[in-house]
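One structure below.
Note that ligands are numbered from 1 as they come in the structure, with each ligand's atoms numbered from 1 the same way.
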Amino acid sequence: MMMNMRKVTIIPSVLARAVKARCLAGTQQQQRLFLSSMDTDRWKTEDWEDFTKRGKYSIQTYNKISTKGLAKFPQEMYDVSPAEFASGPAQALLIRSHKLKEDEVDVSVRAIARCGAGTNNIPVARMTEFGIPVFNTPGANANAVKELILCGLFLGSRRITDGINHMRDLGEQGVARERVEKDKAMFGGREIKGKTMAVIGLGHIGALTARDAAGLGMVVKGYDPGLSVQSALFLPQGLELMDSITSAIADADYVSLNIPYIKGDGGTHGIIGADVVRHLKPGAVVLNFARGELVDSQAMKDHLDNSDGRYVSDFPDDELWDHKNAIIIPHLGASTSEAEDQAAAMAAETIRDFIEHGTIRNSVNFPTTELAERRDHAMRVTVVNKNVPGMVSKIATAFANAGINILQQINKSRGDIAYNVLDFDPASVSDLKVDLRDLQKELTLLDGVLSSRVLFGIPGAGYARNIDGKYHV
Ligand SMILES: NC(=O)C1=CN([C@@H]2O[C@H](COP(=O)(O)OP(=O)(O)OC[C@H]3O[C@@H](n4cnc5c(N)ncnc54)[C@H](O)[C@@H]3O)[C@@H](O)[C@H]2O)C=CC1
Ligand SMILES: O=C(O)C(=O)COP(=O)(O)O
């Protein structure tokens, strides 16, 4: 496909608006504690030899995760196993579409990575309350999804699936050859070139889709109130950015939904409801390779009943699965070996960076944070706290009171959560005979702190949580 990238029509205010904030609301309740075998007994300065030894982290997987991706975890440092076969507590969970329940998140869990884009199968707001970062793999499976969207575009334009089914019937009756030319009149279609495509959500998948739609000779419109600069630069020439879903779809022959599913107030549940659907052109084809819950099934059924429109999706729908104008396939958007490898590899690298260095990137609930490399023998501590005033000074004071000099530190916040990474030189404390367990306890039980972690020595040691004022290690 030939692309011309000269100019994009962008409404400036659209670029300025931030991506919708994640809902962090909700009250903290007692989390079920399944296993609390992590111990900090060895985190004392006199146990230096012990806590500089390397142990193993446990990574547990849900769903089938690409072995190429899992190979990113070196065997000498990580035990990786499916959750159902795991023998002990996990430090990190790797999942795809498994609907993660709160009680599957042991008190030992420090991080959760979704090998994919959508995190609506993870109770993210609760994880934020527990101080657990949730990661995803932006863009890793975008090309795979875009290719399936293009497939949906073609399937929605020509009666291909009906034709295949018809040929099977004819074949079974032994009349395929005889009827094939005569019956083709039943399956006429239309061409894509020159038609209008509305792309709702211009992130990794939407931008790729918009670009290829333009390459197919389509007129492309888009809507995304949180359009990133990165995506904006990728959009095809002449793409017209609209200021609402309804204005984007009004003239569209095809609509591609590429937005996240977010429950609750201000979320996207049923965002394609009757009020939107009534603005669709009668023959409009809706491509939903984002999430089934975005579309109100009854409203879509009305559209399909009353027009020659089509609904093509890789999400199940109890109302639409057998509708003559619906093409519903299994959730296959990201099911290519390339996407599975890339997503798992990105998730593994993200988890390793977090576990081994405290670095946060690609998190959907924590701030992007990276402290410069830890000096030899420096100890690194991370602290997760509620984003309220005075926390940085409280944390610094705890170190100062112990006579410990901080070598470097960073503090970042996002929504209701703040994250600190601090390095200090343990040599500075050995003379003082400071029991670092006491320091960690003091840090962790500071009002507003949710958890703390020591990134040094025996993996798993030095992880502590403040659960409703009680200390859990
Ligand atoms: N069918 C499948 O197998 C797959 C489905 N997906 C779905 O596709 C969604 C999008 O994936 P990516 O493009 O990788 O994510 P992304 O985060 O790169 O892009 C999402 C875009 O949607 C925009 N957006 C959010 N709410 C919106 C709204 N109400 N109206 C218009 N735009 C809105 C955001 O500003 C962002 O630019 C995922 O959240 C997931 O639900 C993703 C991968 C595989
Ligand atoms: O990445 C996403 O959001 C997806 O929907 C892909 O899901 P999967 O990893 O194939 O279960």
protein heavy-atom neighbour closest to atom 9 (O) of ligand 2 works out as R96 NE, 2.8 Å

One finds that the ligand 1 atoms under 4.0 Å from a non-hydrogen atom of N141 are 43 (C), 44 (C)

**Message:** For ligand 2 and G116, I'd like to know whether there is a polar contact (N/O to N/O, distance under 3.5 Å).
**Reply:** no

Quick look: R291 vs ligand 2, heavy-atom contacts under 4.0 Å, and the answer is side chain

By ring-ring contact (aromatic ring centres under 6.0 Å, His included), F135 pairs with (sequence neighbours left out) F354

One finds that the ligand 1 atoms under 4.0 Å from a non-hydrogen atom of G226 are 35 (O)

Next item on the list: Run the salt-bridge test on E191 and R158 with the 4.0 Å N-O cut-off and return the result as yes or no.
Entry: no

Ligand 1 atoms nearer than 4.0 angstrom to some heavy atom of V145 are 4 (C), 43 (C), 44 (C)

>> Any carboxylate oxygen within less than 4.0 angstrom of a Lys/Arg side-chain nitrogen, looking at R414 and D416?
In response: no

In ligand 1, the atoms that come under 4.0 Å of a heavy atom of A334 are 3 (O)

The closest protein heavy-atom partner of atom 4 (C) of ligand 2 is R114 NH2, 3.2 Å

For D314, the atoms of ligand 1 under 4.0 Å from one of its heavy atoms are 1 (N), 2 (C), 3 (O)

Taking only non-hydrogen atoms of G118 and a 4.0 Å limit, the atoms of ligand 2 in range are 1 (O), 2 (C), 3 (O)

Short side-chain to backbone donor-acceptor contact, R374 and H357, under 3.5 Å: no

Side chain to side chain contact (heavy atoms under 4.5 Å, CB included) test vs L235 passes for just one of V220, L202, D224, V199, namely L202

Per-atom filter on ligand 1: closer than 4.0 angstrom to a heavy atom of Y223 are 30 (N), 31 (C), 32 (N)

On a heavy-atom basis, the closest approach of L239 and A210 is CD1-CB, 3.7 Å

inquiry  = Just to check, does G116 reach to within less than 4.0 Å of ligand 1 when the distance is taken from its heavy atoms?
reply    = no

P225: heavy atom below 4.0 Å from ligand 1, yes or no? yes

Among non-hydrogen protein atoms, atom 11 (O) of ligand 2 lies closest to S97 OG, 2.5 Å

Task: Under-4.0 Å salt bridge between K301 and E319 - done: no

Salt-bridge present (K281, D251; N to O < 4.0 Å):
no

Ligand 2 atoms nearer than 4.0 angstrom to some heavy atom of H331 are 4 (C), 5 (O), 6 (C), 7 (O), 11 (O)

For N141, the ligand 2 atoms with a heavy-atom partner under 4.0 Å come out as 1 (O), 2 (C)

**Item:** Salt bridge flag under 4.0 Å for residues K195 and D253
**Value:** no

Open item on the list: Check for me whether E340 has a heavy atom closer than 4.0 Å to any atom of ligand 2.
Closed with: no

Worksheet item: Ion pair present between E129 and R126, side-chain N to carboxylate O less than 4.0 angstrom?
Response: yes

Using the ring of each side chain (for Trp, its six-membered ring), is Y62 parallel, tilted or perpendicular to H98, with breaks at 30° and 60°? parallel

Judged by heavy atoms only, the candidate from A117, G206, G222 nearest atom 38 (C) of ligand 1 is A117

Original post:
Could a heavy atom of C115 be found less than 4.0 Å from some atom of ligand 2?
Top reply: yes

So for ligand 2, is S335 a polar contact partner (N or O within less than 3.5 Å, distance only)? no

N385 and M391 have their tightest heavy-atom pair at ND2-CG, 3.3 Å

The answer for which part of H204 has a heavy atom under 4.0 Å from ligand 1 is both

the protein heavy atom lying closest to atom 1 (O) of ligand 2 turns out to be A117 N, 2.7 Å

Of T137, V364, L100, N121, the one forming a side chain to side chain contact (heavy atoms under 4.5 Å, CB included) with R114 is N121

Min N/O separation A334 to ligand 2 under 3.5 Å: no

A student checking ligand 1 against F289 at a 4.0 Å heavy-atom cut-off should list atoms 1 (N), 2 (C), 4 (C), 5 (C), 6 (N)

Within 4.0 Å of some non-hydrogen atom of I271, the atoms of ligand 1 are 29 (N)

Note: D224, heavy atoms under 4.0 Å from ligand 1, region reported as both

Legend entry - Note: R159-D308 ion pair, threshold 4.0 Å (strictly below): yes

| query | Would you call R380 and D423 a salt bridge, taking side-chain N to carboxylate O under 4.0 Å as the test? | reply | yes

